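In what follows, chains are A, B, ... by sequence order, proteins preceding strands, each numbered from 1. Just so it is clear, the values below take in all heavy atoms, side chains as well, and ignore hydrogens, waters and symmetry mates. Predicted model only: the values in this text are computed from it and were never measured.
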Amino acid sequence: MTDKPAIELVGIDKKFGAVHANKDINLSVAKGTIHGIIGENGAGKSTLMSIIYGFYHADSGEILVNGNPVTIRDSQAAIATGIGMVHQHFMLVDNFTVLENIMLGAEGGMLLARGVASARAELKRLETEYGLEVDPDALIEELPVGLQQRVEILKAMYRGAEILILDEPTGVLTPAEADHLFRILKVLRDQGKTIILITHKLREIMAITDTVSVMRRGEMVATRKTAETTVEELAELMVGRRVLLRVQKGEANPGAAVLSVRNLTVKDNRGVTMVDNVSFDVRAGEIVGIAGVAGNGQSELLEAIAGIRKPTSGEILLDGQTIDKADPARLRDLGLAHIPEDRHHMGLVLKFEEYENSVLGYHRHPAYSKGPLLDLEAIRKDAMEKIERYDIRPPNPRLKTANFSGGNQQKIVVAREIERDPKMLIIGQPTRGVDIGAIEFIHRRIIEMRDAGKAILLVSVELDEIRSLSDRILVMFAGHVVGEKTPDAGEQTLGLMMAGIAA
Amino acid sequence: MSTASVPLPNWINYGLIPILNLTVAFLISGFVVWLIGESPLDALSLLIQGALGNGEGIGFTLYYATSFIFTGLSVAVAIHAGLFNIGSEGQAYLGGLGCALVALALDRYVPWYVTMPIAVIGAGLFGAAWAFIPAFLQAKRGSHIVITTIMFNYIGAALMVYLLVHVLIVPGKMAPETRTFLQGGQLPKLGWVMQLFGAKLGAAPFNVSFIIALVVSYLVWLLVWRTKLGFEMRTLGVSPTAAAYAGIPYARTVIIAMLLSGALAGMMALNPVMGSSARLQVEFVGGAGFVGIAVSLMGRNHPLGIIMAAILFGILYQGGDWISFEMPNITREMILVIQGLVILFAGALEYMFRPAIVRLYQQFKRG
Amino acid sequence: ADVKPALVYGTGGKFDKSFNEAAYNGAEKFKTETGIAYRDFEPTGDTQGEQAIRNFASRGFNPVVAVSFAWTSAIEKVAAEFPDTKFIIVDSVVDKPNVRSVVYKEEEGSYLVGVLAGMASKTGKVGFVGGMDIPLIRKFECGYEQGARSVKADIEVFQNMTGTTGAAWNDPVRGGELAKNQIDQGADVVYAAAGATGLGVLQTAADNKKLSIGVDSNQNHLHPGSVLTSMVKRVDLAVYNAYNDTKNDKFTGGVQALGVKEDGVGAAIDDNNKSLITPEMQAAVDKAKADIIAGTVKVHDYTSDNACPK
Amino acid sequence: MDYYDILINVLSSTIRLSIPLIFTALAGLFSERAGIFDIGLEGKMLGSAFAAACVAYLTDSAWLGLGAGILCSVALSLVHGFASITNRGNQIVSGVAINFFIAGITIVLGQAWFGQGGRTPQLSPDSRFARIILPGADAARDIPIVGPLYANVISGNNILTYLAFLAVPFSWWVLYRTRFGLRLRAVGENPGAVDTAGISVAWLRYRAVMCAGILCGFAGTYLAIAQSAAFIKDMSAGKGYIALAALVFAKWKPVPVMFACLLFGFLDALANFMQGKQVPLIGEVPVQVFQALPYVLTCVLLAGFIGVATPPKAGGVPYTKER
Ligand SMILES: Nc1ncnc2c1ncn2[C@@H]1O[C@H](COP(=O)(O)OP(=O)(O)OP(=O)(O)O)[C@@H](O)[C@H]1O
Ligand SMILES: Nc1ncnc2c1ncn2[C@@H]1O[C@H](COP(=O)(O)OP(=O)(O)OP(=O)(O)O)[C@@H](O)[C@H]1O
Ligand SMILES: [Mg+2]
Ligand SMILES: [Mg+2]
């Protein structure tokens, strides 16, 4: 073994149009280690990894593998260099079998028949060596995500990867699955493979990595030995200043229940039960936070309450009235506002001008219409007022929404949903990818809403955000509400509950 | 770095690029003309002369343009809702049935201005009805609207031929067509409009449906950009997920958009059926539904752009007739060649020149 | 007088080797004889015909000949707009003083080729493939059937129409397929009255070593040895006469119905098919012709009552 | 004629009418399984018919005609590929454009070169694909049941007919048993998976559309110089769209494609045969019913009443890595 780093990046730079995703990145990953990379959403982690894997091309910069400069023209070159990658969004063909997916691109000859036998044998070997069991003849679409990810890892190993990149592998895994994954990664490392692991989750970084690098807004801001750093330091590095964990707020003054959820069961698009027999209340003047690892049913729960997804069974009551038909428009009329998790695909139409988004969903409201027509004058005036009140920049309602930055886009959504004076507000990931200034602003607005007697249901994967805003915390795990806590419950306790270990 | 997301000013996006695309299409057409041994310049001058050289030519140009405005609007309305309606051709065909039935029923009792509004409704209803099943299948069953509308073009053609041959034909006549409508079923020509400009309409069938087309264009603009329904259609068109979030009902919006699209296509029938031949004939649509695709693409799905593109295609059709009359070597199908090239370059290859233009533009801004 | 002749074809195209080509030949003949050039136009769709006719009239062409019933209403309109121009329509009747309508007694010509078909058939089955399903084409079929039956009373006549729209004149693929069906059913002579579609019928008969009968123009040369005869319809004469009459100030409006007697229709016998026509067949045709002229044989006209006697 | 003879006749007609559909639908299969929608099948078929007829006429060789037909159709495929793969244009629009262009250019050039109203001159027997009489066909004719089937349906077709039926298992084999096929099916479902496996999405898709081009070339050639003896304007007459319907009807699978095409060909044959004949209880069925039936059936299928037809997932969507 040499001392040469397994992979070294020098001055990598990448722009997507106006977005500067990677700015002059330098990075060195030692051979036989697990190297973590953390950073907020949109920090540029996936972009950087995709450049190493030859999926994107850097505008400038150099890549060295084992000390030798390499040109990675495409993924084939990356594979040939011994680099494998498990993408954040799986790159699998759903209606192919595991075996076909693994063979794709490494078929071993013009005819499939020839390669199949050796592929099966090789799979067997990998299975026993690393504990990567999976039925080679199963169809991908019939496998749970955990196993799909295993197929992705197998794909990389099958191609003889020496350097394995995993882009947010645990986002979709249950804690048990994540643990299993980590055990596999350790085995791989001990056999001399190099692993780059991307995640937002500081705990995971502390648990498994040897070294960790932090990215912020396209820049590589620091690299630390894991043993020599702390969660707090990493968090600070990630967001660029000391994290404000506590929001100023007074005592809650809860009134009657506004939202009641009774025995709710919801399935996702694939028909998997994501919310399983869940019941709770949200009262006027309180914030109920739902904590949980992403993918434990929170999204589906919010969508069901917001009327976007039809529940399979159970009941949702607003002000004691049963909502029998999923219809977001009617729910809005009844005073239910919804700040969605995904502003790009749900909360906003990026191609529309700002003022159009400022009434999306409320466009049928009498204040914004004259008969069948939209009252453009009223809408633009209203949009301008919101822009001023929420300090949305640039202050131009005729600008295309895509041209606002993430934080300002989120403010457009927040302003729209709060300003129509709802009774009930459901919020998903209010500050994802939003800068600190905007976070504070949005948090303050949420508290003001509570103090004005609104009922608020909040979902966030950021435990700190949940703890600082909520009056009560429900923890979701695998589709169940596994317990209720007050915000002063320790991080440890909540963490264990989120992992499904304690209740 | 990719250039796809670099914003360009409107005059480039809506002016320079379409003109560039169009120019290439015409250059290649000119090459074809040259290939068959005729002079492209002569052909071009004949084209202009035939289409715009006298009142009658202009009349014909506007007559064709009228049909294309309707079908272009039809395609555009669907596109705004994210639907590719290839079925305007069939919907227009059925629209012809609607307006012919009205004309046949009323022409001997009432004057044209009574028949006309009812015929507009009849044509619209029949066109919409023909769009309904594909719309329903898309909305409720997720069947691909492109495929179903193609199928319905053929089903519509079979149905119309059956009706004309077996039901509507005048007994004893050779051609499968209805009887000629009386005065009450014919739309008056717009000779007076031409006279305002000191030109003579001659025999050109430029008629009142042109005015209907303009009014409808305005209404479509109003619908798409000024109404709640239009807002919902556009939302659905660019972001189905945002539409679901906003409580915009998918099935209802898809069906309404397609019904409107079908109705617009159907109204096209007014122009040839009541405005020109005064009877319902086989194949009277003559590809206008497909031209609508080109017109809508070129007009960037905006009524104003559609009117301009429709007139351009009107010039092509009328001028093309003239060319084929004057240059027997060039048959009228040259129009199809040009049309195909325009669709190719203004539609499928619309981004071909963009990267180069972006680079030039950036250099220009820097320099 | 001043003659500036123009010719508008039917939608089958100028060189369909049949109906339109006959018209073309007439115009060419006039041109070679008199040295007077003419202008022609081939509309490819129904809407173009009217425009072309009007274009010619407005540019001072005179006379304007329109061959095909498809231009009936076009001529009706344009003739009213240009009362000083002479128009000729073939295959249809337009009642205007400046229009001459030339129609043919196709049933008579078809009767003659029917006689030949009936005698040539060994299987006792013959076929007929029509173009567009219109009374005019039924008239061909009916005459053919009568002729065949006159020589073989129990003969079976298969008949198919290619289509119901103008496209049926230009669909040799379907024409061939229909002919093949009839041949498979036992027909050994197939008569095509279908414009360019007939080319496919004649081709299929030749491919299958069966006999065929051409139409309108003399098509015997297309597949020598396979084309039994052609039912010629002298559209060329209609065109030629129209030009000549105008030139000589002898143009008359009204209807001209041309039959066997006027030599407007007939069965073509030439070098290409001589070997297929036995002396008995020749004699039978000559007799049928004489009988029709004499009036002793009356061929039923389908269009008179939209029915064919069985 | 007894019923069996009728059946034999209709079957032999079915075969003749299905061949262009089979070639074309298989062409669509290759293209669409790779994620490129192809409504330009009609245009490619027509274009290759024209090229085949022109070259066969000029060279007196059917095989050169076939080569020209294939070349022309592949060239059109490359245009479609250039628009929809390289330039990420709308695939439907590109297909429509090709259909228009070909519908026009064949007539314009045909008229300019041959002066026969867009038709090409009649071909001599040498320049066409002749019927092949299989050994023993005439002798077998009198054997009951199988005899006529062999002599009239199986024998007596041209070489392209047999090639069409070979193309079906061959396509199946290519798609499901070769590396190229595996990749092609993958790129139509998830081009990202193909790209990250180190395979060029663009080149793979180009090869797929070229396969489509080759097959359409056979279809067009069959129309012009096997089934008929000249190019006639619009001679594809919507067969490209019927083939598309058959492709959907067969749920994008090679062997069902053949059966769907045979079914649609059968309907066409039946329409010819039933003309003017009375059906008990119903009377004469208008030919338009048979003409519309393939489309109606496909819509019924699409409505989900006969199973579900799920198109390849990435179909119609241009592949972009960078926004
Ligand atoms: N294909 C693309 N085209 C254009 N912009 C892109 C593309 N991919 C990423 N971006 C932009 O580049 C920036 C960095 O994105 P990237 O996906 O690398 O972030 P990330 O750190 O992986 O975030 P996350 O934690 O959300 O996965 C973002 O602003 C994103 O919008
Ligand atoms: N999807 C997109 N399409 C087009 N332009 C975009 C897109 N996403 C971002 N941009 C452009 O890139 C710029 C930077 O966006 P980005 O979201 O990375 O901002 P940011 O620095 O994260 O801001 P904030 O802190 O407010 O989130 C924006 O101003 C916008 O113009
Ligand atoms: Mg990422
Ligand atoms: Mg941001």
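- Residue with the most contacts toward chain D among B:S324, B:A348, B:G347: B:A348 (heavy-atom pairs, distance under 4.5 Å).
- Between the CD atom in D:Q288 and the NE2 atom in B:H166 there is a gap of 5.0 Å [rounded to 0.5 Å].
- Using a 4.5 Å heavy-atom cutoff, the side chains of D:L109 and B:L35 are in contact.
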Item to check | CA sep, side-chain torsions, deciding dist, call: B:M151, D:Y241, side-chain contact (heavy atoms from CB on, under 4.5 Å) | outcome: CA-CA 8 Å; B:M151 303 295 127; D:Y241 292 107; 5.6 Å; no
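- Interface summary for chain D: among B:Y162, B:F290, B:F345, B:Y154, the most heavy-atom pairs under 4.5 angstrom belong to B:Y154.
- Between the CG atom of B:L349 and the OG1 atom of D:T86 there is a distance of 9.5 Å, given to the nearest 0.5 Å.
- Rounding to the nearest 0.5 Å gives a distance of 9.0 Å between CZ of B:F353 and CG of D:N87.
- For B:L344, the parts lying near chain D are the backbone and the side chain together; criterion is any non-hydrogen pair under 4.5 Å.
- Ranked by heavy-atom pairs under 4.5 Å with chain D, the list B:I36, B:I155, B:I330, B:L137 is led by B:I155.
- Neither the backbone nor the side chain of B:L159 comes within contact range of chain D; no heavy atoms are under 4.5 Å apart.
- Heavy-atom pairs under 4.5 Å with chain B were tallied for D:N99, D:I107, D:I39; the largest tally goes to D:I107.
- Separation of the D:Y295 and B:F152 ring centroids does not fall under the 6.0 Å cut-off.
- Atom-to-atom distance recorded for B:I147:CD1 and D:L244:CG is 4.5 Å, nearest 0.5 angstrom.
- Side-chain atoms of B:F84 and D:V93, non-hydrogen and from C-beta on, do get closer than 4.5 Å to each other.
- The minimum heavy-atom distance between B:M334 and D:V108, with the atom names listed, is N-CG2, 3.4 Å.
- Of the listed residues (D:V289, D:I105, D:I98, D:T106), the greatest number of heavy-atom pairs within a distance under 4.5 Å of chain B belongs to D:I105.
- When D:G104, D:G89, D:P286, D:A292 are compared by the number of non-hydrogen pairs under 4.5 Å with chain B, D:G104 comes out ahead.
- D:F82 has its side chain within reach of B:M352: a pair of non-hydrogen atoms, C-beta onward, lies under 4.5 Å apart.
- Between chain B and the residues D:G316, D:S84, D:G238, the largest count of heavy-atom pairs under 4.5 Å involves D:G238.
- Ranked by heavy-atom pairs under 4.5 Å with chain D, the first of B:V337, B:V342, B:I133 is B:V337.
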Next on the checklist: Run the side-chain contact (heavy atoms from CB on, under 4.5 Å) test on B:L336 and D:F101 for me, step by step, so that the C-alpha distance in whole Å, both residues' side-chain angles and the decisive distance to 0.1 Å come before the verdict.
Outcome noted: CA-CA 6 Å; B:L336 293 179; D:F101 178 75; over 6 Å; no
